[in-house]
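Notes follow once the structure below has been shown.
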There are 2 protein chains.
Amino acid sequence: MSKQPTPLTVLDAETPCCPPLAQRRVPAETAAVLAPAFKALGDPVRLQLMSMIASAEGGEACVCDLTPAFDLSGPTISHHLRTLREAGLVDAERRGTWVYYRARPGVLRQLAALLTVEPAGVA
Amino acid sequence: MSKQPTPLTVLDAETPCCPPLAQRRVPAETAAVLAPAFKALGDPVRLQLMSMIASAEGGEACVCDLTPAFDLSGPTISHHLRTLREAGLVDAERRGTWVYYRARPGVLRQLAALLTVEPAGVA
DNA sequence: TCTCTGCTTAGACGGACGTCAAGACAGGCT
DNA sequence: AGCCTGTCTTGACGTCCGTCTAAGCAGAGA
């Protein structure tokens, strides 16, 4: 959006995707990059926001639809959305009056791959 | 271990497994149950611990092997392990002198399923 | 241009988190 | 029994997080 500080090493959808957590020990640098994404999902409000955005038709959701779904002030929702944005989980775009948020499926896929566990007894 | 307070609604490996986050809006109660698990993974140290435990041969890892892998005090590692335990991600068992931690693959599978995104264009 | 609506930023406050040092407990060895 | 080793718990301290109110900015419409 307006500012793009993001000096932090953020998740990149291009990264060739992480080997499963249960297969190889996650190195410290990888953990440092991935942990913030899990942390961002570690709040009930943000988990619901992420789901509402990712499951929205057209792949995007308007803040004006997200905010009234919670008993929280507008700024608080905005803060959570910023957290998701800085974690690389969503993208924001202003179109006219409203701001739309869109999920970044590549990052979600990476996280899912990391947590994948082979169904018992696969070499 | 000795104490088993766990009054919190914790992840149960029996739960029939969550529909993908991007498919249906996660209800508030589900979010309240799952968010702590993601939060537990939202720390680089715990993410590495989880990986070391899950990828250990025999499916379990001794604290005596985990602690020296970090530049942190024993109590701090113990604290992180307790967090993982209370999030339902690992189980602990004392055998003789040492304590062994074991991953709970069912819970990991649930989290992975929640994050699963269909490969673009699946109804 | 003026104003109105929608969203974000700034500042503040209470509570939770990550870390450590010190003490307590459990089990094995002499 | 007594000590030693290994791990967990307790208490404390500084920092980060979630929330709010108030103020700022961006478009749209009159």
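Just the heavy atoms: all of them, side chains too, but no hydrogens, waters or symmetry mates, feed the values below. Keep in mind it's a predicted model, so treat the numbers as computed, not measured. Numbers restart at 1 for each chain; the letters A, B, ... are given by sequence-line order, proteins then strands.
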Item to check | Side-chain N,O (Tyr100(B)) to OP1/OP2 (dG6(D)) below 4.0 Å | outcome: no
A correct 5'-to-3' footprint of nucleotides 17-26 of chain C, with B, S and - meaning base, sugar-phosphate only and no protein heavy atom under 4.0 Å, is SSBBBB----
Let me know the distance between [atom1] of [X] and [atom2] of [N], rounded to the nearest Å.
X        : N       : atom1 : atom2 : value
Leu81(A) : dG18(D) : CG    : P     : 13 Å
Leu84(A) : dG18(D) : CG    : P     : 10 Å
Leu47(A) : dG18(D) : CG    : P     : 13 Å
Glu86(A) : dC17(D) : CD    : C1'   : 13 Å
Arg85(B) : dT9(D)  : CZ    : P     : 6 Å
Arg82(A) : dT19(D) : CZ    : P     : 15 Å

Testing dT9(D), dG6(D), dA28(D) for proximity to the side chain of Trp98(B), the answer is dG6(D)
So disulfide (SG to SG under 2.5 Å) across residues 50-108 of chain B, not counting sequence neighbours, yields Cys62(B)-Cys64(B)
Under 4.5 Å between any side-chain heavy atoms of [X] and [Y], yes or no?
X         : Y         : value
Thr83(B)  : Leu89(B)  : no
Leu41(B)  : Lys39(A)  : no
Leu114(A) : Val26(A)  : yes
Phe38(B)  : Leu115(B) : yes

What residues 59-67 of chain A contributes to the DNA chain D interface at heavy-atom separation below 4.0 Å is none
Exercise. Carefully, step by step, assess Tyr100(B) and Asp65(B) under the rule side-chain contact (heavy atoms from CB on, under 4.5 Å).
Key: CA-CA 10 Å; Tyr100(B) 294 88; Asp65(B) 289 330; over 6 Å; no
Does the side chain of Arg85(B) pick up a donor-acceptor pair with the side chain of Tyr101(B) at under 3.5 Å? yes
Is the backbone of Leu72(A) close enough, under 3.5 Å, to the side chain of Thr76(A) for a donor and an acceptor to pair up by distance?
no
- Check: Ser51(A) main-chain N/O paired with Ser55(A) side-chain donor or acceptor under 3.5 Å: yes
